[in-house]
Amino acid sequence: MEGDGLQSNWSESQPVADNSNNQDHGYAQSLFDSFIELDDAGDHQIDQQTDNLVLDQQTDDLVAAEEAKLMRYLKASIVKCCEAIAANATTQAYELVSELRDKSSPTGTTVERLAFYFSEALVARSTGTGSLLYNGLIKSKRPIDEILQLFATVAETSPGFGLPIFFTNQTILDETSSAARVHVVDFGIGPGYRWLCLIKDFSERSGGPPHFRVTAVDRPSNSLLYPREDVGAKLGRYASSLGVPFEFHSVVTADWDSIGPSQLMIQPDDVLIVTSFHKLRELSDDPKRRFLRNIHAMEPKLFLNAAFPPVGFNSPSLVARAREAFEFYAGMFEAIAASLAESRFAGERRFLEQLRGLELLNTLACEGEERVERPEGYKQWQELMRGAGFEGYEIKRHVYAGAKKMLATYSNAREYSVGRSGNWILLRRNRQVLIAISNWTC
């Protein structure tokens, strides 16, 4: 079994986005229209022919039943393979993962795509190439314009991307309505697409925009995938085009738990907002607690934390991690398929699946310090946040109502629901929580 097969397989059929209109304003305007403009553009035409509807429903039910059967088989195969790996039954593990790989495809059905990323992670685990492969793949760079266009398209089709942006920006706008200086410290900024909408909102604020500063804190590995200079330059050009005073500062370090106010260049008159979308999962237990205590000591006006995945699979047991990860990623791949089913979204679909595949690769094929994927469930985050001294920030009614209205604009809105659990807002698809977002104060 070749250990380098994963890299060559992942490099095939790279997503191709339509960049025919990739001016700065295009991305933010596209996102802004999707999240803020709550019109009737998403209304569905209803087929009045009842007999056709019944036939279609019966076909859909049969397809769903068959896919559910295949998913159960896939899960059993993955668990069996992990048990063999954990027992050092090398020959059996190779046979099982080879069989799994034969039934997988990065461009096939949803089950085949999920099988592809699990099998490639298990190949890397079996051959001891997990860390080498992961570190190689995260260095793959894409032009920032292309990345932003991909995320903009995904945000227009998937509530899982649109809801967090709406919720975050609306909350920040509420708490900084009269602020002269707003300083957002973003741990794990990625390509920075979340802040395009906020820049536009600030430009339209009554009384003029504030001075807006973004400090991006990232691990060295993430800063390779999304170069800080590209992200900062993109945000800066867009802010300049809208007349928003803007600064961008970058801190690249793996030691998030020891970062202090001096590194973040926090000014006394800043309204400080700290955010992290998904990346706090990369902290192990003790650093996680130190990080939260340090942030609390900075006394931000708001700390916005998004738990993704919203369930934990941080067990030292490979078999337990595989079981827990499968439950979440099966639902995630189904959600991606449903939102990006049309062939014109093939590139965007593959892009998202590759990102999830990277997470799976690290979750299953890496151990010790090399395993950075350590997600906690949102209920565990609740305990961690309160243990660090934070208090829950009540979700405003108009923000919650706006999230529901925003969700209704998506063509697949019937599959989703928005709910609350304390100061967490939850996005569910077919009853499975896909993302949990919360606000905290000191």
Side-chain angles (χ1 to χ4, degrees), residues 6 71-90 92-93 96-97 100 114-115 117-131 133-135 138 188 219 221 254 256-257 276 278-292 305-333 355-388 421 424 426 432-436:
L6 181 59
M71 280 289 190
R72 289 193 295 270
Y73 175 80
L74 176 59
K75 180 182 179 181
S77 299
I78 290 168
V79 170
K80 194 173 182 181
C81 183
C82 289
E83 288 172 342
I85 293 172
N88 292 318
T90 306
Q92 182 188 13
L96 289 169
V97 78
L100 185 62
L114 185 64
Y117 290 106
F118 266 98
S119 65
E120 295 304 311
L122 294 176
V123 166
R125 174 75 185 222
S126 300
T127 56
T129 58
S131 297
L133 182 58
Y134 179 78
N135 290 328
I138 60 176
R219 289 174 170 269
S221 56
W256 287 10
D257 56 317
S276 184
H278 325 324
K279 286 302 181 178
L280 293 187
R281 66 175 188 248
E282 296 183 359
L283 296 175
S284 55
D285 290 342
D286 288 340
K288 201 174 292 181
R289 292 182 174 87
R290 286 196 296 270
F291 168 82
L292 292 176
N305 182 16
F308 176 87
V311 293
F313 36 91
N314 191 18
S315 170
S317 164
L318 173 64
V319 176
R321 287 206 306 271
R323 281 199 182 101
E324 294 160 350
F326 183 87
E327 294 298 331
F328 175 73
Y329 283 106
M332 178 55 60
F333 270 65
L355 292 180
R356 305 289 82 86
L358 275 174
E359 296 163 6
L360 275 173
L361 174 64
N362 189 266
T363 298
L364 300 181
C366 300
E367 292 292 352
E369 293 183 359
E370 297 296 329
R371 180 164 67 87
V372 298
E373 293 291 341
R374 301 172 180 273
E376 301 277 5
Y378 75 91
K379 293 180 180 179
Q380 283 70 43
W381 274 113
Q382 180 88 4
E383 296 177 6
L384 287 167
M385 298 293 292
R386 291 196 182 281
S421 177
W424 292 84
L426 309 177
Q432 180 186 20
V433 178
L434 294 182
I435 187 170

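When a residue number appears, it is its place in the shown sequence, counting from 1.
With respect to Asn314, the side chain to side chain donor-acceptor pair (under 3.5 Å) criterion is satisfied by exactly one of Arg371, Glu324, Arg281, Gln380: Arg371.
Of the inter-residue distances, the one linking Tyr329 atom OH with Arg356 atom CZ reads 6.5 Å to the nearest 0.5 angstrom. Taken from CG in Leu280 to CD in Glu376, the straight-line distance is 10.5 Å, to the nearest 0.5 Å. Residue Arg323 holds its CZ atom at 15.0 Å from CZ of Phe313, rounded to the nearest 0.5 Å. Here CD1 of Ile85 is found 6.0 Å from CG of Leu318. Values are rounded to the nearest 0.5 Å. The line from CG of Leu361 to CZ of Arg125 is 11.5 Å long, rounded to the nearest 0.5 Å.
Every residue two or more places apart in sequence or in another chain that forms a salt bridge (charged side-chain N to carboxylate O under 4.0 Å, His left out) with Arg290 is listed here: Asp257. By the side-chain contact (heavy atoms from CB on, under 4.5 Å) test, Ala330 is found to be paired with Met71, Leu114, Phe326, residues two or more places apart in sequence or in another chain being considered.
Smallest separation of non-hydrogen atoms from Cys366 and Tyr134: SG-CB, 4.5 Å. The two residues Tyr117 and Gly357 come nearest to each other via the heavy atoms CD2-CA, 3.6 Å. Contact between Trp256 and Gly188 at its shortest, heavy atoms only, is CH2-N, 3.7 Å. Scanning all heavy atoms of the two residues, the minimum distance from Phe118 to Ala325 falls at CZ-C, 4.2 Å. The two residues Ala121 and Ala365 make their nearest non-hydrogen contact at O-CB, 3.5 Å. Taking both residues in full, the closest heavy atoms of Val97 and Ser119 are given as CG2-O, 3.6 Å, listed atom of the first, atom of the second, then distance.
Aromatic ring orientation, Phe328 versus Phe308: perpendicular (interplanar angle above 60°, classes split at 30° and 60°).
When atom types are taken as modelled, the side chain of Asn362 and the backbone of Arg374 share no donor-acceptor pair closer than 3.5 angstrom. Side-chain atoms of Arg321 come within 3.5 Å of backbone N or O of Thr363 as a donor-acceptor pair. For the pair Arg219 (side chain) and Val372 (backbone), a donor-acceptor distance under 3.5 Å is absent.
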Side-chain donor/acceptor pairs under 3.5 Å, residues 74-81, sequence neighbours excluded:
| from | atom 1 | to | atom 2 | distance (Å) |
| --- | --- | --- | --- | --- |
| Lys75 | NZ | Glu327 | OE2 | 2.3 |
| Ser77 | OG | Tyr73 | O | 3.0 |

Problem set entry | Chi angles and distances behind the side-chain contact (heavy atoms from CB on, under 4.5 Å) call for Leu360, Glu120 | CA-CA 9 Å; Leu360 275 173; Glu120 295 304 311; over 6 Å; no
